[in-house]
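Heads up: numbering here begins at 1 and tracks the sequence. Everything numeric here is computed off the predicted structure, so don't read it as measured data.
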Amino acid sequence: NAQNAAAPAAAAPDPNAVVVTVGGAPITEAEIGFAAEDLGQDLANIPAAQRRAFLVAVLIDMKVMAEAARSAKLDQSDVFKKRLTYLEDRALRRAYFTDKVAPSVGDAAIQTAYDKFVADFKPQEEVRARHILVSSEEDAKAVKAEIEAGKPFEIAALETSQDGSAQNGGDLGYFHRGMMVKPFEDAAFALKVGEISDPIQTQFGWPIIKLEDKRMSSPPPLAQVKAQIQQQLMVTAFTNEMDKLKKDVKVTFTDPALEAQVKAEAAAVTKSGQ
């Protein structure tokens, strides 16, 4: 209702707010957020209503075991100090990315990239088709005869097609050249809308095709590709920032073979991101 629509959004929790105390050690809202970042993949398998309780339970166990480790003086070992250095570097890397890199990839940058994508988009012919796939030419001819006698193509596909699209009446959606095997593609693009092909031999069997529509492709709406564009921009922003940061940093390897592998991997990543 209008009253609820006008209600202010819930304020973000105070990161310093104490949620629970474990043996005198507080667990704060900030720590719950950190745990959510670390356990992102595991958290996805937990129902949304249970995630906060799950995170708090994990943090309680963590506090209890960490205190036991301190009592055993494990925090004074060389291995722990090396791990602590690694974890500190990881946390600072994440903080730098969040504060210095991610803000450059906002809605304005995404819109600019999308506008360029639209401007560069080259329409091409695409068709929407249904098909029925069977194992022999004889079976394909028999199915086509049933359709010509009045059976709906969609029903024939559901009853006889050996392809996963059978459940959708053989519908393959829209596709352009290069997406299907050549015999299938050539037959589909040669049809008129509403026309059904003769049986075609392909490496997968013998399909018959019904052409549903033919059109020139158009760029997808921003909402459909926004996440993909954002990811691409984020990778580019990260790569550019790393190149800038590493420009005057000397990196020395003790193993020439490893150096060659690392450089090859970096070159491959750069090429794939272009």
Side-chain angles (χ1 to χ4, degrees), residues 12-16 27-45 51 55 58-59 62 66 69-70 74-124 178 219-274:
D14 178 1
N16 297 315
I27 293 175
T28 64
E29 290 286 357
E31 287 179 281
I32 294 176
F34 299 151
E37 289 179 4
D38 279 342
L39 299 173
Q41 188 170 355
D42 294 330
L43 205 59
N45 299 321
R51 288 174 188 170
L55 291 170
V58 168
L59 286 168
M62 187 183 298
R70 290 188 187 93
L74 296 180
D75 58 333
Q76 299 175 24
S77 70
D78 288 342
V79 171
F80 173 77
K81 291 174 183 177
K82 288 180 172 62
R83 185 182 295 276
L84 191 60
T85 298
Y86 164 77
L87 292 173
E88 182 180 33
D89 286 349
R90 187 179 71 171
L92 286 171
R93 174 185 180 276
R94 178 176 291 172
Y96 190 93
F97 182 86
T98 300
D99 291 352
K100 304 296 184 181
V101 179
S104 68
V105 185
D107 287 342
I110 293 172
Q111 184 65 54
T112 298
Y114 176 73
D115 291 343
K116 183 178 186 306
F117 165 72
V118 171
D120 294 342
F121 186 86
K122 293 180 173 55
Q124 56 184 315
L222 175 58
Q224 186 175 327
V225 294
K226 182 175 182 179
Q228 180 182 348
I229 292 175
Q230 184 179 34
Q231 179 66 21
Q232 291 172 341
L233 291 177
M234 204 72 81
V235 169
T236 300
F238 174 80
T239 301
N240 291 342
E241 187 67 18
M242 286 306 308
D243 288 344
K244 182 178 73 174
L245 292 173
K246 291 194 294 187
K247 182 178 179 181
D248 298 319
V249 176
K250 184 177 181 180
V251 179
T252 305
F253 287 82
T254 58
D255 181 352
L258 178 61
E259 179 179 7
Q261 290 177 328
V262 170
K263 288 182 177 179
E265 179 67 22
V269 170
T270 299
K271 185 176 180 180
S272 66
Q274 291 176 345

Non-neighbouring partners of [X] that pass side-chain hydrogen bond (donor to acceptor under 3.5 Å, both in side chains), sequence neighbours left out:
X    : answer
Q111 : D115
D120 : K116
K244 : E241

Interatomic spacing from [atom1] in [X] to [atom2] in [Y] - rounded to 0.5 Å:
X    : Y    : atom1 : atom2 : answer
N45  : R51  : CG    : CZ    : 9.0 Å
L222 : F117 : CG    : CZ    : 10.5 Å
M234 : I110 : CE    : CD1   : 7.5 Å
L59  : I32  : CG    : CD1   : 6.5 Å
Y114 : Q224 : OH    : CD    : 9.0 Å
R70  : Q76  : CZ    : CD    : 11.5 Å

Show the nearest heavy-atom pair for residues V105 and A237, with the distance to one decimal.
CG2-CB, 4.1 Å
Suppose we screen for side chain to side chain contact (heavy atoms under 4.5 Å, CB included). Which residues come up paired with [X], at least two apart in sequence or across chains?
X    : answer
L74  : A69, A72
R83  : L87
N240 : T236
Q41  : none

In the structure I gave you, are the side-chain heavy atoms of F253 and Q261 within less than 4.5 Å of one another anywhere?
no
Can you check whether D14 reaches E29 side chain to side chain, under 4.5 Å on heavy atoms?
no
For residues 84-112, which residue pairs qualify under salt bridge (Lys or Arg N to Asp or Glu O under 4.0 Å), counting only residues two or more places apart or in two chains?
E37-R94, D38-R90, D38-R94, D107-K226
Taking T28's backbone N and O only, do any of them form a donor-acceptor pair with E31's side chain (distance below 3.5 Å, no angle check)?
yes
Would you mind listing every side chain to side chain donor-acceptor pair (under 3.5 Å) that reaches into residues 249-259, with sequence neighbours excluded?
E259-K263
